[in-house]
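The next block holds one structure in the form of structure tokens; read it before the comments.
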Amino acid sequence: MSDDTAGTTKPRSAFDPLPDELDFPSMERRMLDLWAAEDTFERLRKKNADGPRWSFFDGPITANNPMGVHHAWGRTYKDVYQRYRAMRGYHQRYQNGFDCQGLWLEVEVEKDLGFNSKRDIEEFGLEAFADACRERVEKFSGVQTRQSVRLGQWMDWDDSYFTHSDNNIEHIWHFLRRCNERGWIAAAQRAMPWCARCGTALSQHELIDTYEEVEHDAVYVRLPIHGRADTWLLIWTTTPWTLAANVAAAVHPDLTYVEVAADDGRYLLAEAAMSAVFGEGAEVVARHQGADLLDLTYDGPFDDLPAVSRVTHRVIPWTDVGADEGTGVVHIAPGAGEEDFLLGQDLGLEVLVPIDENGNYTDGYDWLTGRDAREVADDVVAHLRRRGLLYRHHTYTHRYPHCWRCHEELVFRVDDEWFIRADEVRQPMLDAAATVNWTPEYAGARMADWLRNMGDWNISRRRYWGLPLPFYPCRSCGHLTVIGSKAHLEERAIAGMDQLRELHRPWIDRVTIRCESCEAPTKRIDAVGDAWLDAGIVPFSTLGYLQNSEEFENWYPADFITEMREQIRLWFYSMLFMSVTIQNQSPYQSVFVYEKLNDETGRAMHKSWGNAIDFGEAAERMGADVMRWLYAGHNPLYNINFGYGPATEVKRRMLTLWNVYSFFVTYARLDGFDPTAPRIPVAERPDLDRWALSRLQGLIDTMTASLDDYLVYRGVQAAQEFIEELSNWYVRRGRRRYWKSDSDDDKQAAYQTLYELLTSLVRLLAPVMPFWTDDIYQNLVRRADPDAPSSVHLTEWPEADDALRDSALDAAMALAQQVVRVGRAARNSANVKLRQPLGSALVRVADDADWDAVMSLRSHVLDELNVKELRRMTSEHELVDYQVRPNYRALGPRFGRQVRQVAAALAALDAPAAVRELDDLGSLHIELEGATETLEPGDLDVRRTPREGFGVAEQDGVIVAIATEIDDELAHEGLARELVHATQGLRRDAGLEVSDRIHLWLDGPAPLHETLAAHRSEVAAEVLAVQVNKGEPPESAAEATPTLNGIPVKVRLTRS
RNA sequence: GGGCUCUUAGCUCAGUCGGUUAGAGCGCGCCUCUGAUAAGGGCGAGGUCCGUGGUUCGAAUCCACGAGGGCCCA
């Protein structure tokens, strides 16, 4: 501040002083209260109500548990892009969604109730179970809502959609009826991966990532071949429980099979498997081509069981048989294996389904009946041994699929399942997916790949709390009635409608309808639907497709959706399937996907591993804004390593901005800066201001493009760099202007520029850091101008102003910064403190233009390097060593193999002489195999290395040499600066305000007095001393006794 | 089993069209600046660019094979 302020009254500042440190959580809670009190979000919606529409669909979060920090990642993206669009004036729906039914919810409710099987649920009663599920949804949708609010997400929370609503279900019914009209609905037997605990099949996408390494009992079983005494077919399996369902043994027609002699007979197996089973030197007594074995029949391993007794076991051909594992003779149980089932369909094999939906053996399996298939391995082995069929058994480790919900090992089981046929819709889906803007691009390729490979969609689940599939197969005529809406149900119903509380089991099961074809009374199938139907219908159900065509037309399709990458084959897929079926177009135009969230060491987070981070705790420890900044700044192509360590790093970056903000407020308050005063035209402001404003335009460009392109991390990274430069160059270089300006206009320009930078920056960062930016805005803008919008979120997105761009100045400043960097390194190498003023710096830059650029910003360079003058280096020969090297990029193509000789010739040259020749003649001549070659400057790479001991440094062709000589005058100046520094330190230690005036006492030996004689008034001015006294200060004076440049000094001061 | 992709400093990652001396951030050591700054700046230590072979005047980069990780599909 300027000296004339002492004792005068300035206008009171508009700004509140800042607390000592930035406490994100408490600041965030304050902002939440403010937004609630002022209805800020409602105002935003009103403000944009007439704007252009921007449609976003929220992928439903399963309302099953508290939110995890990984949810916060996705929600940050959703909120960032919505807030950005809002600042651009777009009208939006802000509808959040909850996923509310399906198996994963049932599993959690089962855990709560201590259930272990479907029987427990049935005994509990479906009605009570449905209520328990509904309650869980209500509880956790509330928890998740509160957590999302804490994250700063702005949504219309009272308008959230729930997938268990009748409305959602009706829309799915509509979709299913449309599918049926096209003949796509089919029931079929199919071998499915099956969870015996959950009592249901899993779809193919539920199988992904569930393979874990486990140990199983593997058995070699010998089966008597009919008509060949003491000749055994040797098979191998890792799932002994399936042996009871064996109906065939498969061989590869082209493989060679051998009969091996053993003590008790002959074993038939593939030659390639022989040594693995019998070791080396087994005796081969016969050889057969696989194809020649096909008419053989054999006794099965469990022919004593009633269900199996009438089966004729045959040897069959299968080209997928290999001999790498097992025996090359493969046990086939079409009722208990996926490939087995498909093979059985081709060959017309009998299908024995040995287990029920809970994994227990069914009737007809004698001693096995009622037992759990996963627990019979030992008894099966014992049984085989007793019957003389066991050749050998051992433990086998392999990767095996598990239920992703309850972690039980899966089995394979044939069952009646309902499907939507996918073949007809495949191409339309591919076409629709091709219209979508996928970010990153590979996501589109993933979707196309998934679609090309997708099988029929298995939509039935044998469970309770889920979409009731509206399938009514008629027992009389076989016709399938698919109900398309509640009205349709009412129209067809003949009983049970009075008990239909909602479209869920058990109430829906009490309704009987008339078959559409023959009018016979017909009941619904038991099954409920895949939960991805629930989520996939969202574009239709939430827009009231069946009720309100205008709403639907307005908001469909979505401009944007975003979820984790795995949603490509889940939600994105199911939405696309349903949308193409109903509307023949993609339901979304732009899709953004991101990767996985791990802990900060890169391990997946698991509650059971103890490395999971609770969202609430994270929000309160690091702050929601810090979390959001961390997420938004991350490149979505890579997994994010999340934790308190990375958050601390982000916080430190925020601290840089805090310091700038705090600096501004401190001095703006002292000076009573009025932001509403007339602006000083930018053209009249100093270069530093014009440079900073020019850089701001670049940041606006980058930020805007990054948000338009759904790559916000690029904007965040650019903002980080901007903040660094703002603090470490703009403020650092300009700080004296705020208290010691040359003129009032310059000071005003400084305040206005920094104010414009900060207020623009908070608008640019508002979508990413909604809390802190608004907190700053409240103080900087709203306090000063009651007519300003009441929140940064109600302001307009900044537009870049081309008139403020100055690329020449940007480049010149970058060069000046480089000269400073190199110059500091030079001082460092000469071991001279920066505080000691020195005479001159010699600078070498590439050309005249660069020199002019540096000179245009000379004052900054002089100041930063603490030298008196800047001189252009004319002769660098005494300061640097040269190395003349070939520029391979130029010479490689020209000389080819000879390039090595050129390199050798250059190395042999006298480098300084060569450089001089190059400088004088513009070219260099070398001898190469007797011929003279001419090399242009572009052919060469002249490297300069500063010579040791000169205070010289170099980087990218810029050289700075510092004259290290210190004469008396410089020494006095240096000491004066040391005195200032020591006094400032003492001021701070004594707890003085930056504006306090002081009385100062300085004592020491003779050199000190010489220095004071020359620099007393400068020292006094710098430290705001109204007097520099001799004699003794009062007792209360603060005191320090540093040794400055070898001189012991006593510094004492009091507040004046 | 097929396809895609990755492997670079203690950690997280850049590295353009192949150019001969491979970089950043964090962390570590020394020095330094500070009238906003727990910040900033400089220097340094730290590398088998996964391995082997090939193409080329020249390979972290291109090709082949192999190892290991991830993803997608079967």
Side-chain angles (χ1 to χ4, degrees), chain A residues 1 18 20-22 204-205 207-209 320 322 324 338-339 442 445-447 449-450 452-455 565-566 568-569 595-596 598 600-602 634-635 637-641 645-646 648-649 651-667 670 717 720 723-725 727-729 731-732 735-736 738-740 754 817 820-829 831-836 864 866 883 885-903 941 943 945 953 955 977 980-981 983-985 987-988 992-996 1022-1024:
Chain A
M1 62 193 294
L18 303 190
D20 289 342
E21 63 184 89
L22 174 57
Q204 34 167 332
H205 38 256
L207 212 58
I208 289 163
D209 295 335
D320 281 359
D324 296 339
E338 200 169 18
E339 291 170 307
Y442 74 80
R446 278 282 153 78
M447 177 59 96
D449 189 50
W450 172 258
R452 276 191 292 269
N453 289 300
M454 72 173 166
R565 192 185 59 187
E566 62 188 10
I568 291 170
R569 59 185 164 78
E595 294 293 316
K596 287 190 175 154
N598 294 324
E600 59 187 272
T601 67
H634 182 76
N635 183 344
L637 278 173
Y638 299 98
N639 292 343
I640 191 167
N641 293 350
T648 304
E649 216 173 293
K651 232 177 201 161
R652 208 162 48 211
R653 294 213 173 91
M654 296 302 102
L655 199 61
T656 307
L657 179 56
W658 167 261
N659 291 329
V660 174
Y661 170 46
S662 156
F663 172 86
F664 174 83
V665 170
T666 301
Y667 289 99
L670 284 175
Q717 286 172 6
Q720 269 166 198
I723 290 168
E724 291 290 318
E725 263 192 303
S727 171
N728 295 321
W729 191 258
V731 173
R732 176 188 167 86
R735 49 152 73 109
R736 293 177 74 84
Y738 298 85
W739 64 81
K740 222 176 190 49
L754 188 50
Q817 288 173 324
V820 168
R821 220 168 20 246
V822 175
R824 276 204 285 246
R827 288 190 66 122
N828 211 304
S829 72
N831 237 333
V832 184
K833 279 186 179 183
L834 199 46
R835 212 176 294 132
Q836 173 62 54
E864 286 290 314
N866 198 14
Q883 207 184 354
R885 302 165 52 89
N887 176 5
Y888 286 98
R889 204 187 279 263
L891 296 181
R894 176 169 155 196
F895 289 99
R897 189 176 300 274
Q898 283 184 306
V899 81
R900 287 184 178 161
Q901 281 132 281
V902 176
D941 175 10
R943 297 190 183 188
T945 322
Q955 183 199 38
R977 285 195 57 164
V980 169
H981 179 67
T983 307
Q984 302 291 22
R987 282 183 61 115
R988 182 186 305 193
L992 271 61
E993 298 292 325
V994 292
S995 53
D996 286 336
E1022 282 294 313
V1023 301
L1024 299 185

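Chain identifiers are assigned alphabetically (A, B, ...) following the order of the sequence lines, protein sequences preceding nucleic acid strands; residue numbering begins at 1 within each chain. Note that this is a predicted model, so its numbers are computed, not measured.
- Counting any heavy atom pair closer than 4.0 Å across all strands shown, A:R977 reaches sugar-phosphate atoms only and no base atom.
- Closest to the side chain of A:L834, from the set B:G35, B:C73, B:U32, is B:U32.
- The shortest distance between the side-chain N/O atoms of A:R900 and the OP1/OP2 oxygens of B:G58 is below 4.0 Å.
- B:C43 sits 13 Å from B:G23 when the P atoms are compared, rounded to a whole Å.
- Although no hydrogens or angles enter the test, the distance criterion places no donor-acceptor pair under 3.5 Å between the side chain of A:S727 and the main chain of A:I723.
- The phosphate of B:C71 has OP1 or OP2 within less than 4.0 Å of a side-chain N or O from A:K596.
- Taking atom C1' in both B:C13 and B:A22, one finds a spacing of 14 Å when rounded to whole Å.
- Panel note: side chain A:R987, backbone A:D996; a donor-acceptor pair is recorded below 3.5 Å.
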Legend entry - Pairing pattern in dot-bracket form [Watson-Crick, G-U; both distances under 3.5 Å; | = partner strand] for RNA chain B: (((((((..((((.....[...)))).(((((.......))))).....(((((..]....)))))))))))).

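- Residue-to-nucleotide contacts include no donor-acceptor pair under 3.5 Å from the side chain of A:S727 to the base of B:A39.
- By the neighbour-count criterion of 12 heavy atoms within 6.0 Å, atom CD of A:E339 is sparsely surrounded, having that number or fewer from other residues, nucleotides or ligands.
- For B:G58, the OP1/OP2 oxygens have no side-chain nitrogen or oxygen of A:R894 closer than 4.0 Å.
- Atom CD of A:E21 and atom C1' of B:U37 are 13 Å apart (whole Å).
- As rounded to the nearest Å, B:U8 and B:U55 have P atoms that lie 27 Å from one another.
- Checking B:U37, B:U21, B:C71 against the side-chain heavy atoms of A:R446 singles out B:C71 as nearest.
- By the 4.5 Å heavy-atom criterion applied to side chains, A:L670 and A:Y738 are not counted as neighbours.
- When the side-chain nitrogen and oxygen atoms of A:H981 are compared with OP1 and OP2 of B:U34, one or more of them lie within a distance under 4.0 Å.
- Of the candidates B:G35, B:G25, B:C57, B:G35 carries the atom nearest the A:Y667 side chain, counting heavy atoms from C-beta on.
- Take the nearest nucleotide of RNA chain B for A:V980 and for A:A890: the residue whose nucleotide is more 5' is A:A890.
- A search for side chain to side chain donor-acceptor pair (under 3.5 Å) contacts involving A:N659 returns nothing, not counting sequence neighbours.
- Of the P atoms belonging to B:C26 and B:G40, the separation is 7 Å, rounded to the nearest Å.
- Separating the CG atom of A:L18 from the C1' atom of B:U37 is a distance of 13 Å, rounded to the nearest angstrom.
- The separation of B:G47 from B:A64, taken at their C1' atoms, amounts to 26 Å, rounded to a whole angstrom.
- Taking atom C1' in both B:A9 and B:C62, one finds a spacing of 26 Å when rounded to whole Å.
- Nearest nucleotide to the side chain of A:N453, out of B:C71, B:U21, B:C73: B:C73.
- No donor-acceptor distance shorter than 3.5 angstrom exists from the side chain of A:R653 to the backbone of A:T648, with no hydrogens or angles considered.
- At the heavy-atom level, A:E339 lies nowhere under 4.0 Å from the strands shown.
- At a threshold of 4.0 angstrom between heavy atoms, the contacts of A:T666 with the nucleic acid are absent.
- A:P886 comes within 4.0 angstrom of nothing in the nucleic acid, heavy atoms only.
- One can place CG of A:N866 at 15 Å from P of B:U32, the figure rounded to the nearest angstrom.
- With a 4.5 Å cut-off on side-chain heavy atoms, A:V1023 and A:Q984 count as touching.
- The residue A:R827 sits apart from the nucleic acid: no heavy atom pair falls under 4.0 Å.
- Here the P atom of nucleotide B:A36 and the CH2 atom of A:W729 are 17 Å apart, to the nearest Å.
- Note on ring orientation: taking the six-membered ring where Trp is involved, the planes of A:F663 and A:Y667 are tilted (angle from 30° to 60°).
- In this model, the phosphate group of B:G58 is not approached by any side-chain N or O of A:R897 to a distance below 4.0 Å at OP1 or OP2.
- Judged by distance alone, the side chain of A:E1022 and the main-chain N or O of A:R977 form no donor-acceptor pair under 3.5 Å.
- Taking atom CD of A:Q901 as the reference point, atom P of B:G58 lies 13 Å away to the nearest angstrom.
- For the pair A:R824 CZ and B:C43 C1', the interatomic distance rounds to 13 Å; values are reported in whole Å.
- Comparing the same atom, P, in B:U5 and in B:G10 gives a spacing of 28 Å after rounding to whole Å.
- Among B:A39, B:C73, B:U32, the nucleotide with an atom closest to any side-chain atom of A:T656 is B:A39.
- Under the 3.5 Å distance criterion, with hydrogens and angles disregarded, no donor-acceptor pair is assigned to the side chains of A:N866 and A:R827.
- A:V820 comes within contact range of no nucleotide atom at all, as no heavy-atom separation falls under 4.0 Å.
- The side chain of A:R821 has B:G42 as its nearest neighbour among B:C57, B:U21, B:G42.
- Rounded to whole angstrom, the span from the CZ atom of A:R732 across to the P atom of B:C33 amounts to 11 Å.
- With RNA chain B read from its 5' end, the first of the two nearest nucleotides for A:N641 and A:Q898 is the one closest to A:N641.
- When heavy atoms are screened at a 4.0 angstrom cut-off, A:R889 is found touching base atoms of the nucleic acid.
- Proximity of A:R835 to the phosphate of B:C33: a side-chain N or O atom is located under 4.0 Å from OP1 or OP2.
- B:C72 and B:G66 have their C1' atoms separated by 23 Å, with the value rounded to a whole Å.
- Between the CG atom of A:N598 and the P atom of B:G69 there is a distance of 17 Å, rounded to whole Å.
- When heavy atoms are screened at a 4.0 angstrom cut-off, A:R735 is found touching base atoms of the nucleic acid.
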Legend entry - Steps toward side chain to side chain contact (heavy atoms under 4.5 Å, CB included) verdict (A:H634, A:E595): CA-CA 10 Å; A:H634 182 76; A:E595 294 293 316; over 6 Å; no

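- Counting only heavy atoms from C-beta on, A:E724 has its side chain closest to B:G40 among B:G40, B:U37, B:C72.
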